[in-house]
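Report on the following structure.
Reckoned from all heavy atoms, side chains included, excluding hydrogens, waters and symmetry mates. These figures come from a predicted structure and were not determined experimentally.
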Amino acid sequence: MLRFVTLWIVVFMVSAVSWAQNSENSSKIWRLNEEGKIQASHNEGKTWEDAGANAEARLNALHFVNTNDGWAVGQNATLLHWDGEKWGEVLIFSTANLFSVYFQDTKNVCVAGSNGTLLFWDGTSWNEEASPTAETLINVKRATNGNLQITAQSGALFEKENGQWKAKAAPIAPLLSASLSKLEE
């Protein structure tokens, strides 16, 4: 079991740099560098410049739906919004560390963080939603079936079906345990 925990931490820590492109037609590419600061490139990643986000806390993830709408999240409930011209901090009533942000359109944004924190933007305001777990949530995404999925730090997977969060079998666990058994031989 100790090897599984060690391997999981390594897999989680390798993804220190996040990337995003704010539109299929835009040449601007965004990333979070190793220090959790937003950088932008106008030449397909050949050079990077500071994006002027000025967040004091370390940022953990960013996501864009178009050239005028992007979100970044980080430590100490840091939430930044890109409005097409500049990054601005958005104040929310939370103290959680935020680790993932996903949105399908400008009125459906989900943020996941420590202690099971789930925040949703409806186009007007941020609201907290009851979480299916008290674990730290490290990833939020849209599943191939269109449902929203969240992943906990332990690897537990939850999917929102008909407005209710339901535990799902995590596809990565059997793969990891099979790999580990071969390493022990």
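In this structure, the side chain of Trp82 engages the main chain of Thr67 through a donor-acceptor pair within 3.5 Å. With hydrogens and angles disregarded, a donor-acceptor distance shorter than 3.5 Å links the side chain of Asn66 to the backbone of Asn68. Judged by distance alone, with hydrogens and angles left aside, the side-chain atoms of Asp83 form a donor-acceptor pair with the main-chain N or O of Glu85 at under 3.5 Å. The backbone N or O of Ala77 lies less than 3.5 Å from no partner atom in the side chain of Ser94, so there is not a single donor-acceptor pair. Panel note: side chain Asn97, backbone Asn76; a donor-acceptor pair is recorded below 3.5 Å.
Under the 6.0 Å distance and 45° angle rule, Lys160 does not count as a cation-pi partner of Tyr102.
The hydrophobic clustering, which links ILVMFWY residues whose side-chain heavy atoms are closer than 4.5 Å, places Leu157 and Val140 apart. Clustering ILVMFWY residues whenever any of their side-chain heavy atoms sit less than 4.5 angstrom apart, transitively, puts Leu98 in the very cluster that holds Val65.
By the 4.5 Å heavy-atom criterion applied to side chains, Val73 and Leu119 are not counted as neighbours. Residues Glu56 and Glu89 are not in side-chain contact: their nearest non-hydrogen atoms beyond the backbone lie 4.5 Å or more apart. The shortest side-chain heavy-atom distance between Leu59 and Lys37 does not fall under the 4.5 Å cut-off. Using a 4.5 Å heavy-atom cutoff, the side chains of Ser154 and Thr133 are not in contact. Residues His81 and Leu79 are not in side-chain contact: their nearest non-hydrogen atoms beyond the backbone lie 4.5 Å or more apart. For the pair Trp48/His42, no side-chain contact is recorded, criterion being any heavy-atom separation below 4.5 Å from C-beta on.
The two residues Ser125 and Asn127 make their nearest non-hydrogen contact at OG-ND2, 3.5 Å. Nearest heavy-atom pair, Asn147 versus Asn145, reported as atom, atom and distance to 0.1 Å: N-OD1, 2.9 Å. Scanning all heavy atoms of the two residues, the minimum distance from Ala61 to Ser100 falls at CB-CA, 3.9 Å. Listed here is the closest heavy atom pair of Thr78 and Ala55: CG2-CB, 4.2 Å. Heavy atoms only, all atoms of each residue included: Gly70 and Trp87 are closest at O-CZ3, 4.0 Å.
One finds the CG atom of Asn115 at 5.5 Å from the OG1 atom of Thr136 (value rounded to the nearest 0.5 Å). For the atom pair Ile29 CD1 and Glu44 CD, the distance stands at 6.0 Å (nearest 0.5 Å). Atom OG1 of Thr117 and atom CZ of Phe99 lie 9.5 Å apart (nearest 0.5 Å). Residue Cys110 holds its SG atom at 7.0 Å from CD1 of Ile150, rounded to the nearest 0.5 Å.
Only one option out of Gln149, Glu129, Glu159 pairs with Trp165 in a side chain to side chain donor-acceptor pair (under 3.5 Å); it is Glu129. With Trp71 as the partner, the side chain to side chain contact (heavy atoms under 4.5 Å, CB included) test is satisfied by one option alone out of Leu80, Leu62, Val90: Val90.
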Could you walk me through whether Leu118 and Phe158 pass the side-chain contact (heavy atoms from CB on, under 4.5 Å) test, one step at a time? CA-CA 12 Å; Leu118 281 174; Phe158 302 91; over 6 Å; no
Given the rule in the side-chain contact (heavy atoms from CB on, under 4.5 Å) test, do Leu32 and Ile38 qualify, once you have shown the distances and angles that lead to the verdict? CA-CA 5 Å; Leu32 293 178; Ile38 300 174; 3.5 Å; yes
Assess whether side-chain contact (heavy atoms from CB on, under 4.5 Å) is satisfied between Phe103 and Trp121, documenting all intermediate values. CA-CA 9 Å; Phe103 61 105; Trp121 171 256; over 6 Å; no
So Gln39 and Arg31, side chain to side chain donor-acceptor pair (under 3.5 Å) or not? Walk me through it. CA-CA 5 Å; Gln39 294 180 318; Arg31 76 174 183 179; 2.7 Å; yes
Intermediate values then yes/no, side-chain contact (heavy atoms from CB on, under 4.5 Å), His63 and Lys141: CA-CA 11 Å; His63 192 221; Lys141 68 178 185 174; over 6 Å; no
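Remark: the Ser41 side chain and the Asn43 side chain contain an N/O donor-acceptor pair separated by less than 3.5 Å. Looking at Asn108 and Asp105, their side chains do bring a donor and an acceptor atom within 3.5 Å of each other.
More than 12 heavy atoms of other residues, nucleotides or ligands shown are found within 6.0 angstrom of CD on Glu49.
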